[in-house]
Amino acid sequence: MIFENKYIQQRIEKANALKDAGYNPYANNSQRNTSIEKYLNVNSDIAETETKRDENRHYIVSGRIKFLRIMGKASFVKIEDESGMLQIYISRDNLPEGFYNTIFKKNIEVGDIIEVGGFPFVTGQGELSLHVDSFTLLTKAIAPLPEKFHGITDKEIRYRKRYLDLIMNSEVRKTFQIRSRVISLTRRFFEDKGFLEVETPMMHPIAGGANAKPFVTHHNALDVDRFLRIAPELYLKRLIVGGFEAVFEINRNFRNEGMDATHNPEFTSIEFYWAYKTYKDLIEITKEYFQYLFDHLDLPTLLPYGDLEVNFDNFQEIPLIESLTSVGGVPVDVTKDKEKIIAYLNEKGITVKPGMNLGQLQGELFDEFVEEKLIDPTFITDYPVEISPLARRNDEHPEITERFELFIAGREIANAFSELNDPVDQLSRFEGQMAAKESGDDEAHEMDSDFVEALSYGMAPTAGQGIGIDRLVMLLTNEHSIRDVLLFPAMKPVTQETAEDS
RNA sequence: GUCUUGUUAGCUCAGCUGGUAGAGCACGUCACUUUUAAUGAUGUGGCCGAUGGUUCGAAUCCAUCACAGGACACCA
């Protein structure tokens, strides 16, 4: 039985006592006329007055009781709404006869949501407060809140019961407010640039656009399996074929893989595609985008991240092969030779899967020796074609692609390239991926012949980019686990749940 | 998936080399009309994550399992 806990029983009894006394413990007649933040702002002048009070002003505020200090015939209570915390002063003689002793002191407690009216005054300790002359219980909380000083620190409870985390930790609310603003600003930035926001399918017949294992579901009416999308890329490019010249989509992707500090099975990205542009233009718009975010979020461009400090005025641009040497310290002659790379990696105690090609090995070197050293924002450009199945080849150097990934604080934030629009090349790249899949790479890209057919009608030269919103928010809020920027991160069910459900 | 550390009251945590459980907050009762984690007095509260084992005796030792945190692997 869910309410068998004795503290909950006790509070249910209080709710019943209130009902018996004619007070609805779940009243629905809120008269609130200001937020706590506004109240504190509007009345900040009271401190300057001689009496430190103004009985001619009157406000009604609402909030959850966070602290309750009862001192005989008067009490101080701290209530919190979304905007902030306010101290209210309640004295017996300012409320109806008997209310203070028999209702307030007996049946109101921390966690309850109340509404009070009164006038502003400043206490002897100098705190702007509300002198209460009317008191209404709006919602009785029958479950006791966690301890008032330490709050709730158990990460498991914080993630599983995010509502408790939000009640107890106001800075958590702040993180999610920033997240919301980042998404809103991102939308506005691209709209202002003339991009059109579109919605493409979340359920795909072929899971394409990235290398990842998909979630599978079944469509009964058609009796076909569908894959939750791993990326919207191939649909957005179909729209470019259709004649839209600048589109973007902000939404969830799903990948059926491991979970850790930077991976959640569902995550949010923005992908945008821009016709008649190249990856060089994307570098410029990306810098502009970050500038825009920092301006509107009012963040310092020298941003702390854990022990690191990231300088957002210092965007770097380094070709991947060059970075292996200049950042990773790998000798130049090693970076261009398959056998030497394998020998070099082995020497460093790293074993590689047999049959890797030069591009994959260069990627391996990058992951191993470069990625974590890229602290200030760095565009790594010119990726090997073998590890870029959807990117356009460089006209002069067909073994590399017109692509970049943006790294910040040692982590990949964005992936972008001039799109491959040669349908014959695209077909053969898919075939190469098929071959890789045959030889055991179960995350190789699926053949999508409908997409190849779309390209065959002609896609204007286009540049496209994806940005991981969760990781971006982590960076901007100095959070180090993706779970701290997801309101409801994925969790394993606890045993009891599964037993009851089955 | 591997390694590692946790899981004790509603919450935050003690509990040493095995001898039937402790604190603070919260809650109950009493006192208190300017407090700031209010204070003082007093009391209630526990299947010590689950299941087995060792033992006269297990919160404590061992094994298995579950969940979580961290690290690694995987995820270009």
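Small disclaimer: the values here were computed from a predicted structure and weren't measured. Residue numbers begin at 1 in each chain, while the letters A, B, ... track the order of the sequences.
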Asks: Got a sec, which residues hit ring pair (Phe, Tyr, Trp, His ring centres under 6.0 Å) with A/Phe404, two or more places apart in sequence or on another chain?
Replies: A/Phe379
Asks: In whole angstroms, how far is the C1' atom of B/G10 from the CD1 atom of A/Ile12?
Replies: 14 Å
Asks: Under the side-chain contact (heavy atoms from CB on, under 4.5 Å) rule, collect the residues that match up with A/His150, sequence neighbours excluded.
Replies: A/Glu147
Asks: What is the ring orientation for A/His131 with A/Phe119, classed by angle as parallel under 30°, tilted 30 to 60°, or perpendicular over 60°?
Replies: parallel
Asks: List in chain and number order the residues that pass side-chain hydrogen bond (donor to acceptor under 3.5 Å, both in side chains) with A/Arg393, two or more places apart in sequence or in another chain; answer none if no residue qualifies.
Replies: A/Asp425
Asks: Applying ring pair (Phe, Tyr, Trp, His ring centres under 6.0 Å), which residue pairs with at least one partner in residues 36-56 of chain A are found, sequence neighbours left out?
Replies: A/Tyr39-A/Tyr59
Asks: Can you list everything that forms a ring pair (Phe, Tyr, Trp, His ring centres under 6.0 Å) with A/His58? Sequence neighbours excluded, please.
Replies: none
Asks: Check nucleotides 30-35 of chain B for protein N or O atoms closer than 3.5 Å to its own N or O atoms and list the pairs.
Replies:
residue: B/C30; atom: OP2; partner: A/Lys106; partner atom: NZ; Å: 3.3
residue: B/C32; atom: N3; partner: A/Gly72; partner atom: N; Å: 3.0
residue: B/C32; atom: N4; partner: A/Gly72; partner atom: N; Å: 3.4
residue: B/U33; atom: OP2; partner: A/Lys73; partner atom: N; Å: 3.1
residue: B/U33; atom: O2; partner: A/Tyr89; partner atom: OH; Å: 2.8
residue: B/U33; atom: O4; partner: A/Asp93; partner atom: OD2; Å: 2.4
residue: B/U34; atom: O2; partner: A/Gly124; partner atom: N; Å: 3.4
residue: B/U35; atom: OP2; partner: A/Gln125; partner atom: NE2; Å: 2.6
residue: B/U35; atom: O2'; partner: A/Arg69; partner atom: NE; Å: 3.3
residue: B/U35; atom: O2; partner: A/Arg69; partner atom: NE; Å: 2.9
residue: B/U35; atom: O2; partner: A/Arg69; partner atom: NH2; Å: 3.1
residue: B/U35; atom: O2; partner: A/Gln87; partner atom: OE1; Å: 3.3
residue: B/U35; atom: N3; partner: A/Gln87; partner atom: OE1; Å: 2.9
residue: B/U35; atom: N3; partner: A/Gln87; partner atom: NE2; Å: 3.1
residue: B/U35; atom: O4; partner: A/Gln87; partner atom: NE2; Å: 2.8
residue: B/U35; atom: O4; partner: A/Thr123; partner atom: OG1; Å: 2.8

Asks: Need the pair for B/C75. Rule: Watson-Crick or G-U wobble, both distances under 3.5 Å, any strand; none if unpaired.
Replies: none
Asks: What protein N or O atoms touch nucleotides 72-76 of chain B N or O atoms at under 3.5 angstrom, if any, and at what distances?
Replies:
residue: B/C74; atom: N4; partner: A/Asp260; partner atom: OD2; Å: 3.3
residue: B/C75; atom: O3'; partner: A/Glu443; partner atom: OE1; Å: 3.2
residue: B/C75; atom: O2'; partner: A/Glu257; partner atom: OE1; Å: 2.5
residue: B/C75; atom: O2'; partner: A/Glu257; partner atom: OE2; Å: 3.3
residue: B/C75; atom: O2; partner: A/His263; partner atom: NE2; Å: 2.2
residue: B/C75; atom: N3; partner: A/His263; partner atom: NE2; Å: 3.3
residue: B/A76; atom: OP2; partner: A/Asn211; partner atom: O; Å: 2.7
residue: B/A76; atom: O3'; partner: A/Asp367; partner atom: OD2; Å: 2.5
residue: B/A76; atom: N7; partner: A/Ile387; partner atom: O; Å: 2.3
residue: B/A76; atom: N6; partner: A/Ile387; partner atom: O; Å: 3.3

Asks: Looking only at atom C1', what distance separates B/C13 and B/U7, rounded to whole Å?
Replies: 13 Å
Asks: Check the interface with nucleotides 23-25 of chain B: list each N/O to N/O pair with the protein under 3.5 Å, or write none.
Replies:
residue: B/C25; atom: O3'; partner: A/Lys148; partner atom: NZ; Å: 3.3

Asks: In whole Å, what separates the P atom of B/A68 from that of B/A26?
Replies: 32 Å
Asks: For A/Asp382, which residues count as a salt bridge (charged side-chain N to carboxylate O under 4.0 Å, His left out) partner, sequence neighbours excluded?
Replies: none
Asks: How close or far is atom P of B/C67 from atom CZ of A/Arg160, stated in whole angstroms?
Replies: 8 Å
Asks: How many Å lie between CD1 on A/Ile108 and P on B/A26, as a whole number?
Replies: 17 Å
Asks: Keeping the roles fixed (side chain from A/Glu48, backbone from A/Asp45), state whether a donor-acceptor pair exists under 3.5 Å.
Replies: no
Asks: Assess the side chains of A/Thr335 and A/Tyr344: does a donor N or O sit below 3.5 Å from an acceptor N or O?
Replies: no
Asks: With sugar-phosphate meaning primed atoms plus P, OP1 and OP2, does A/Met491 contact a base, only sugar-phosphate, or nothing at under 4.0 Å between heavy atoms?
Replies: sugar-phosphate
Asks: Please name the pair of heavy atoms, one in A/Arg173 and one in A/Ile167, separated by the smallest distance, quoted to 0.1 Å.
Replies: NH1-O, 4.5 Å
Asks: Can a side chain N or O of A/Lys492 be found less than 4.0 Å away from OP1 or OP2 on B/C67?
Replies: yes
Asks: Please list, in numerical order, the residues of residues 95-102 of chain A that have a heavy atom closer than 4.0 Å to any atom of RNA chain B.
Replies: none
Asks: Which is more 5' along RNA chain B, the nucleotide nearest A/Phe67 or the one nearest A/Arg483? Just name the residue.
Replies: A/Phe67
Asks: Over 60° means perpendicular and under 30° means parallel, so classify the ring planes of A/Phe430 and A/His445, tilted if in between.
Replies: tilted
Asks: Name the nucleic acid region contacted by A/Gly151, choosing base, sugar-phosphate or nothing; use a 4.0 angstrom heavy-atom cut-off, strictly under.
Replies: sugar-phosphate
Asks: Who pairs with A/Ile482 by side-chain contact (heavy atoms from CB on, under 4.5 Å), at least two apart in sequence or on another chain?
Replies: A/Asn264, A/Asp470, A/Met474, A/Val485, A/Leu486
Asks: When rounded to the nearest Å, what value does the distance between P atoms of B/A59 and B/C47 take?
Replies: 13 Å
Asks: Using the test side-chain contact (heavy atoms from CB on, under 4.5 Å), find all partners of A/Asn421 that sit at least two apart in sequence or belong to another chain.
Replies: A/Arg392, A/Met459, A/Pro461
Asks: Checking base pairs now: Watson-Crick or wobble, both atom distances under 3.5 Å. What partners B/U55?
Replies: none
